[in-house]
Amino acid sequence: MAPTTPPFSDEHEQLRQSIRGFIARELAPHAQRWEDERWFPDDVFPRLAAQGLLGLKYPERYGGQGGDYLHEAVMCEEMARTGSGGTAAGIGAHINIATPPIFKFGSEEQKQRYLVPAIRGELIGALGITEPGAGSDVAAITTRAEHVDGGWVVNGEKTYITNGVRSHFIVTAVKTTQDGGHHGISFLIVDRGEGVQSSKLEKMGWHASDTATISFQDVFVPEQNLLGELHEGFKLIMANFQWERLAMALGAVGAMALAWERTAAFANERQAFGRPLSGHQAIRHKLADLATSVYTCRCTTYDALRRFIAGEEPLKEVTMAKLLTQRASFELMDACLQIHGGAGYMREYWVERAARDARLGPIGGGSDEIMREILARML
Ligand SMILES: Cc1cc2nc3c(=O)[nH]c(=O)nc-3n(C[C@H](O)[C@H](O)[C@H](O)COP(=O)(O)OP(=O)(O)OC[C@H]3O[C@@H](n4cnc5c(N)ncnc54)[C@H](O)[C@@H]3O)c2cc1C
């Protein structure tokens, strides 16, 4: 077993080996096919659940493993080994952004109705915040919920939603006052049903995931599906951003480490001008730079993680980790692709996909510009 790096302990390393084994046996061999088919099968969810992997951080009374965010952090890093950004994204959306608000803000009845079956992999979740006219500017959403007898009627459109086609429920941000904004947004758990229509989007990477536009047309949502406090949904959005961004940073660190290992092996094997590529100083030095980038990203991310676990509110450190790792990951994938030469441009090589998949990082979950804006205001 590899030596542990704080904040991880031997227990986490054992979990890491077990997740790595499961991914190598059950997910990675299918990555290429799922990407080609633009879909990974829904039964991946119950199969992960059978290993306890959809509920690592949730209490046993809800069917979870009784662990914490450090156990989940191991999962976030290891998911990169699936080799399909789309598969990792679909699973990640379920465990990192759709279910945490239900655990944190949901009533006991909502937890029984959504969280418990989600941990079992029987229900798949999505988080619906972004709209065609509101992405970075979250407070500008216009999807509205009119209060009626016994619940709400929802009208509007969400877009770029991960699990947007397959999800059984969508944790949806809606405007519940005329003006919306910071004290006029609420969250409803919307079940897929009458009036909910999804259309899948074609995209540059993450092909195995179903990113979709979801329209809501006169969708009735019962009173008991209000998540958290009325008009205070903005707090709920902010509450999970730190974990979402940390999860993205951890995913990037995992993907970067794997890409480096594979590229170094390729450079040792591939011959040019009578010696391995790694025998040429330009390539050797590039690999040294890339290893430094992996290390720097890991240290920054683990520091933010350690603070997060300790109960600090490490907004600055998490924002820096998200900003640093997402751009660094894309740049590292591009450099790894370059070292592969023409092979790097071919579909049959993992690096072509990894480079496309990594491009989402500086955009999703709060773009580079928004991360800089948060930091600039704080500093
Ligand atoms: C594959 C994929 C999956 C996604 N999954 C989900 C999901 O599951 N749920 C969900 O709700 N959303 C999801 N998103 C949406 C994602 O979070 C948004 O795309 C992202 O927040 C950016 O919003 P936008 O696309 O509307 O860009 P915009 O907000 O329109 O921004 C466009 C550009 O302007 C820049 N910009 C915006 N404001 C400023 C400013 N004040 N100063 C400087 N520059 C600025 C941005 O950084 C960006 O470069 C997903 C997106 C993608 C591509």
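Just so you know, ligand 1 is whichever comes first in the structure, and atom 1 is the first atom listed for that ligand.
- Set against the non-hydrogen atoms of Ser367, the atoms of ligand 1 under 4.0 Å away are 46 (C), 47 (O).
- A distance of 10.0 Å separates CG in Leu290 from CE in Met333, rounded to the nearest 0.5 Å.
- Protein non-hydrogen atoms do reach within 4.0 Å of atom 6 (C) of ligand 1.
- Ranking protein heavy atoms by distance to atom 52 (C) of ligand 1, first place goes to Leu360 CD2, 3.7 Å.
- Nearest protein heavy-atom neighbour of atom 48 (C) of ligand 1: Glu369 OE1, 4.2 Å.
- A cation-pi arrangement is not found for Arg306 relative to Phe308, the charged atom failing to lie both closer than 6.0 Å to the ring centre and inside a 45° cone about the ring normal.
- Inter-residue side-chain proximity for Phe241 and Ile237 is flagged as met; some heavy-atom pair is nearer than 4.5 Å.
- Annotation: cation-pi geometry satisfied between Arg166 and Trp39 (NZ/CZ under 6.0 angstrom from ring centroid, within 45° of ring axis).
- With ring centers used as reference points, Phe266 lies under 6.0 Å from His340.
- Which parts of ligand 1 touch Gly365 is read off a 4.0 Å heavy-atom cut-off, strictly below it: atoms 17 (O).
- Other residues, nucleotides and ligands place no more than 12 heavy atoms under 6.0 Å from the CD atom of Gln197.
- The nearest heavy-atom contact from the protein to atom 38 (N) of ligand 1 is Ile370 CD1, 3.9 Å.
- The shortest N or O to N or O distance between Lys203 and ligand 1 is not below 3.5 Å.
- Residues Leu115 and Gln110 are not in side-chain contact: their nearest non-hydrogen atoms beyond the backbone lie 4.5 Å or more apart.
- Other residues, nucleotides and ligands contribute over 12 non-hydrogen atoms within 6.0 Å of the NE2 atom of His280.
- Under the 4.0 angstrom criterion, atom 9 (N) of ligand 1 counts as having a protein heavy-atom contact.
- Distances from atom 30 (O) of ligand 1 to the protein include no heavy-atom value under 4.0 Å.
- Within a 4.0 Å radius of atom 3 (C) of ligand 1, the protein has at least one heavy atom.
- The side-chain tip of Arg16 points at the ring of Phe8 from less than 6.0 angstrom away and within 45° of straight on.
- The heavy-atom pair separating His94 from Ala118 by the smallest distance is NE2-O, 3.0 Å.
- Using a 4.0 Å cut-off between heavy atoms, Leu127 contacts ligand 1 through its backbone alone, with no side-chain atom that close.
- Looking only at side-chain heavy atoms (C-beta outward), Lys57 and Asp68 stay at 4.5 Å or farther from each other.
- Ligand 1 places these atoms under 4.0 Å from at least one heavy atom of Ile161: 7 (C), 8 (O), 9 (N), 10 (C), 11 (O).
- Here Asp368 has no heavy atoms under 4.0 Å from ligand 1, in either its backbone or its side chain.
- Residue-ligand proximity, Ile363 to ligand 1, at heavy-atom distances under 4.0 Å covers atoms 20 (C).
- Considering only non-hydrogen atoms, atom 28 (P) of ligand 1 lies nearest to Ser136 out of Gly128, Ala212, Gly135, Ser136.
- The nearest protein atom to atom 50 (C) of ligand 1, hydrogens excluded, is given as Tyr160 O, 3.1 Å; this is a heavy-atom distance.
- Considering backbone and side-chain atoms alike, Ile129 places an N or O below 3.5 Å from some N or O of ligand 1.
- Close N/O approach between Thr130 and ligand 1 is found [any backbone or side-chain N/O within under 3.5 Å].
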